[in-house]
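First comes the structure, then the notes that go with it.
Heavy-atom basis, side chains included; hydrogens, waters and symmetry copies ignored.
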Amino acid sequence: MISYIIRRTLMAIPLLLGISILSFAIIQLAPGDPTTLMMDPTLKPSDQAKFREKYGLDDPIPKQYAVWLGKMVQGDFGTSIIERGVPVSEMIMARLPNTLLLMGVSTILAILVAVPLGIFSAMRPYTIRDYTVTVGSFLGVATPNFWLGIMMIYFFGVILKWFPTGGVATLNAPFSLWDRIHHLIMPAFVLAAADMAALTRYTRSSMLDVLQQDYIRTAKSKGFKENKVVLKHGLRNGLIPIITIFGLMIPSFISGAAITENVFSWPGLGRLFIEAAFTRDYPVIMALTVISAVFVVIGNLLADILYAIFDPRIEY
């Protein structure tokens, strides 16, 4: 198992390197000159030239990339253009816990709801309960996150006043676990909604295929209770494809977090990325792009590891 994990991890290094090169190239091709945001426009041309020389802005592109990559590997993402003098790493670390909390709760919520619903639907296919779950899943997949978030804010935040409309905690209030949970409920549900619906459909399809296998029919014919047959014999084999899908869902959580955090004013990395994009804060954009790529690679690596654990046919 250890050698398998090491091989998969080493395979991810060239992928991350390629992503960093592509991201750096795209930023270089972006319209506008970031130095106009960094420099005082009243500076003399000679002073502007010294400024560009100091930060290596006139160096060849490969050299700029090599310097940026070397600093990034050491955890130095540079300083923000807009927040002058503030290290990008500090900005990221200040918001990273909020994003991890939102993504973690949304992931757990999606699994806890989707897997039982998929099994529930597969146990009685082509019945009213199966059609009900199917229709609900299609609605969940088709509903945009931003629209669902706005509707929830309007009904549950403005009209019913059950939940706060934004933020991570009540302003100027002492720390309270319930207050944090109260602010987390709506954004976590919105972020989980689309993946919850898709995971329900995948679980239903996978379990439906497993429950039609001969060994399941044999177990039922021997008098075992249906719930025991499904949970003990069918669930493990049915969840093998779901594990792969779960790993591939992590990118959607990252992209969805940017929209959800912006709708609910949640101070996380997704909202920081949108703010940096609007203000052309290139160091922040580059750092968050690389971090997002790392999350995606970790998700795929986790899927490979879990797949190997649950499927003994996979060779380490």
Taking side chain as C-beta onward, heavy atoms only, is Glu261 less than 4.5 Å from Leu272? no

Is the closest side-chain heavy-atom distance between Phe77 and Lys71 below 4.5 Å? no

Might you confirm whether atom CE of Met151 has over 12 heavy atoms from other residues, nucleotides or ligands at distances under 6.0 Å? yes

Nearest heavy-atom neighbours spanning Leu69 and Ser20: CD1-OG, 4.4 Å

Do Arg204 and Thr200 have side chains that approach each other closer than 4.5 Å (heavy atoms only, starting at C-beta)? no

Test log, rule side-chain contact (heavy atoms from CB on, under 4.5 Å), inputs Val133 and Arg201: CA-CA 9 Å; Val133 173; Arg201 297 299 302 154; 5.9 Å; no

Taking atom CG of Leu10 as the centre, does the number of heavy atoms from other residues, nucleotides or ligands within less than 6.0 Å exceed 12? yes

Between Ser206 and Tyr202, is there a donor-acceptor pair closer than 3.5 Å when you use the side chain of the first and the backbone of the second? no

Beyond-backbone contact of Leu100 with Phe295, side-chain heavy atoms, under 4.5 angstrom: yes

So if you build clusters from Ile, Leu, Val, Met, Phe, Trp, Tyr with side-chain heavy-atom gaps below 4.5 Å, do Val135 and Phe120 land together? no

Quick one: pull up CD1 in Ile291 and CE in Met72 and give me the separation to the nearest 0.5 Å. 9.5 Å

Within a strict 4.5 Å, meaning less than it, do heavy atoms of the Leu96 and Met93 side chains meet? yes

Can you find a pair of side-chain heavy atoms, one from Ile108 and one from Ile111, that are under 4.5 Å apart? no

Judged by atom type as modelled, is there a donor-acceptor pair below 3.5 Å linking the side chain of Ser106 to the main-chain atoms of Ala188? yes

Closest approach of Met152 to Met186 (non-hydrogen atoms, all atoms of both residues): O-SD, 3.5 Å

Could you give the distance from CD1 (Ile19) to OG (Ser292), rounded to the nearest 0.5 Å? 10.0 Å

Look at the rings of Phe24 and Tyr65 and say which category their plane angle falls in: under 30° parallel, 30 to 60° tilted, over 60° perpendicular. perpendicular

May I ask whether Val88 and Phe273 are part of the same hydrophobic cluster, defined by side-chain heavy atoms of I, L, V, M, F, W, Y residues being less than 4.5 angstrom apart, directly or through others? yes

Please check this pair: side chain of Thr99 against backbone of Leu269, looking for a donor-acceptor N/O pair closer than 3.5 Å. yes

hydrophobic_cluster_shared for Met123 and Leu112, side chain cutoff 4.5 Å: no

In short, Met207 meets Ala122 closest at the heavy-atom pair CB-CB, 3.8 Å

How long is the gap from NZ on Lys161 to CD1 on Ile159, to the nearest 0.5 Å? 9.5 Å

Please say yes or no: joined through hydrophobic side-chain contacts below 4.5 Å, possibly via intermediate residues, are Leu101 and Ile185 part of one cluster? no

Distance check, rounded to the nearest 0.5 Å: Thr134 atom OG1 versus Leu139 atom CG? 11.0 Å

Phe163 atom CZ, over 12 foreign heavy atoms within 6.0 Å: yes

Taking the side chain as C-beta and beyond, is there a heavy-atom pair between Leu17 and Ile13 under 4.5 Å? no

Is there a path of hydrophobic side-chain contacts, each under 4.5 Å between heavy atoms, that joins Met196 and Trp147? yes

Main-chain N/O of Asn98 paired to Trp266 side chain as donor or acceptor, under 3.5 Å: yes

For Phe264, the option from Leu102, Val190, Val168, Thr165 that meets side chain to side chain contact (heavy atoms under 4.5 Å, CB included): Val190

Ignoring hydrogens and angles, tell me if any N or O in the side chain of Ser121 forms a donor-acceptor pair with the backbone of Leu117 under 3.5 Å. no

I need the minimum non-hydrogen distance between Ala114 and Leu199, along with the two atoms involved. CB-CB, 3.7 Å

Leu148 and Ala193: which non-hydrogen atoms are nearest, and at how many Å? CD2-CB, 3.7 Å

Minimum side-chain heavy-atom gap Phe189-Val113 below 4.5 Å: no

Of all the heavy-atom pairs spanning Ala276 and Ile285, show the shortest one and how long it is. O-CD1, 3.6 Å

Interatomic distance, Leu160 atom CG to Tyr154 atom OH [nearest 0.5 angstrom]: 10.0 Å

Rounded to the nearest 0.5 Å, how far does CG of Asn145 lie from CD1 of Ile259? 6.0 Å

